[in-house]
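Below: the structure, in structure tokens.
Every chain is numbered from 1, with letters handed out A, B, ... down the list of sequences.
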Protein chains: 2
Amino acid sequence: MQRANDSISAALAVIGDRWSLLVLRGVFRGLHRFGELRDDLGIASNLLTTRLNRLVEQGVLEKVQYQDRPVRFEYRLTDAGRDLSPVLVSLMQWGDAHQMSGNAPTTLVHATCGAPIENVTRCTQCREDVDATAIRNTNDHQLETT
Amino acid sequence: MQRANDSISAALAVIGDRWSLLVLRGVFRGLHRFGELRDDLGIASNLLTTRLNRLVEQGVLEKVQYQDRPVRFEYRLTDAGRDLSPVLVSLMQWGDAHQMSGNAPTTLVHATCGAPIENVTRCTQCREDVDATAIRNTNDHQLETT
DNA sequence: CAGTATCCTCGAGGATACTG
DNA sequence: CAGTATCCTCGAGGATACTG
């Protein structure tokens, strides 16, 4: 993409194509093997190969051998991959609210409580939830000009 | 896309192309006019036209007239558009952490505190932050089969 | 200034056959 | 089963000129 001096474009350069987030969604849901992902997504196998390799290169997924004759690998989230969870959750939350008119086909719940989870933006200082209108953008220029 | 019976694909069908999220990022940052967005993004004008029209159709942006001779419109976020804020914030947070090796080029702050904000996933019941590994997926089948 | 109209390119995505 | 190899299509994206 252009202007990679921005974290959003940088993130989109990694997962901003038509399949990557869907592949990751599958892995988050417990699909780790090539065939499982291919069948679930209905993606052409050659494409799945390139997507997986790319995500591995980018450090989002890693190949873990699960069998040795023949040698077979499965795909697991790295820490960086797991950190993409909020992206998927926020996307799903938005889709639920605005594309499914509130009828969520699936709900994400807290493993220990069983209660639904939500994605929010919060202030690190006052700990209050921050509305989109209360967000400001600060250039960290000082760091460079000092 | 395929399988639109999923909120993530549904969301991606609206903003999952190469430009939409970047356009929205611009609007969030205060760029509301055609020329501002075009210059900031370096996007071809015909493409910007189709992206903006599409986002308006999808109910994410709305045209607001700001001048009448000649008639000129600017683009504003609707409520649905504003609800995409967590997607942008989580994407930026991930880009900062994993693509900029922690050196955020820009920081989002809370308007009232001035302190940095963060995007988290939280349990609606116990109010604790929920780690990606503590998220479970529940099919809401009961609703349909009843 | 905020687009619209045209035309073109290129590569992501897809279908299909094949292999250790 | 987990890919690789080939070939093809089509449309998103882009460049450029034009207009009220």
For A:Thr107 against A:Pro116, the heavy-atom pair lying closest together | CG2-CB, 4.2 Å
For B:Arg127 and A:Glu118, work out which heavy atoms get closest and say how close.
-> NH1-OE2, 3.7 Å
Just how far, in rounded Å, is C1' of C:dG13 from CG of A:Asp17?
-> 10 Å
To the nearest 0.5 Å, atom CD of B:Gln125 lies from atom OG1 of A:Thr112 at 9.0 Å
Give the rounded distance in Å between these two atoms: CZ of A:Phe34 and C1' of C:dT19.
-> 14 Å
Does a nitrogen or oxygen in the side chain of A:Arg18 sit under 4.0 Å from OP1 or OP2 of D:dA12?
-> no
Is it true that a side-chain atom of A:Gln67 and a backbone atom of A:Pro70 form a donor plus acceptor pair closer than 3.5 Å?
-> yes
Nearest-angstrom distance from the residue atom CG of A:Asn46 to P of D:dT6 | 13 Å
Counterpart residues, ring pair (Phe, Tyr, Trp, His ring centres under 6.0 Å), relative to A:His98 (two or more places apart) | A:Trp94
Can you figure out which of D:dG14, D:dG3, C:dG14 approaches the side chain of A:Leu47 most closely?
-> C:dG14
Atom pair distance, as rounded to whole Å: CG in B:Leu48 and P in C:dC1 = 14 Å
Could you check how far CZ of A:Arg72 sits from C1' of D:dG3, rounded to whole Å?
-> 8 Å
When you get a sec, tell me which of D:dA2, D:dG14, C:dG14 is the closest nucleotide to the side chain of A:Arg33?
-> D:dA2
Any A:Ser45 side-chain nitrogen or oxygen under 4.0 Å from OP1 or OP2 of D:dG3 = no
Which pair of heavy atoms, one from A:Leu47 and one from A:Thr50, lies closest together, and at what distance?
-> O-OG1, 2.9 Å
Each base of DNA chain D marked ( ) or [ ] if paired in-strand (Watson-Crick or G-U under 3.5 Å), | if paired to another strand and . if unpaired gives ||||||||||||||||||||
Under 4.0 Å between a side-chain N or O of B:Tyr75 and OP1 or OP2 of C:dG3?
-> yes
Nearest heavy-atom approach of B:Ile15 to B:Ser20 is CA-CB, 3.9 Å
Nearest-Å distance, CD (A:Glu36) to P (D:dG3)?
-> 12 Å
Figure out the CZ/P separation between B:Arg51 and C:dT4, and round it to whole Å.
-> 14 Å
note: A:Leu55, atom CG; D:dG3, atom C1'; distance rounded to Å ~ 16 Å
Any side-chain N or O of A:Tyr66 less than 4.0 Å from the OP1 or OP2 oxygen of D:dA2?
-> yes
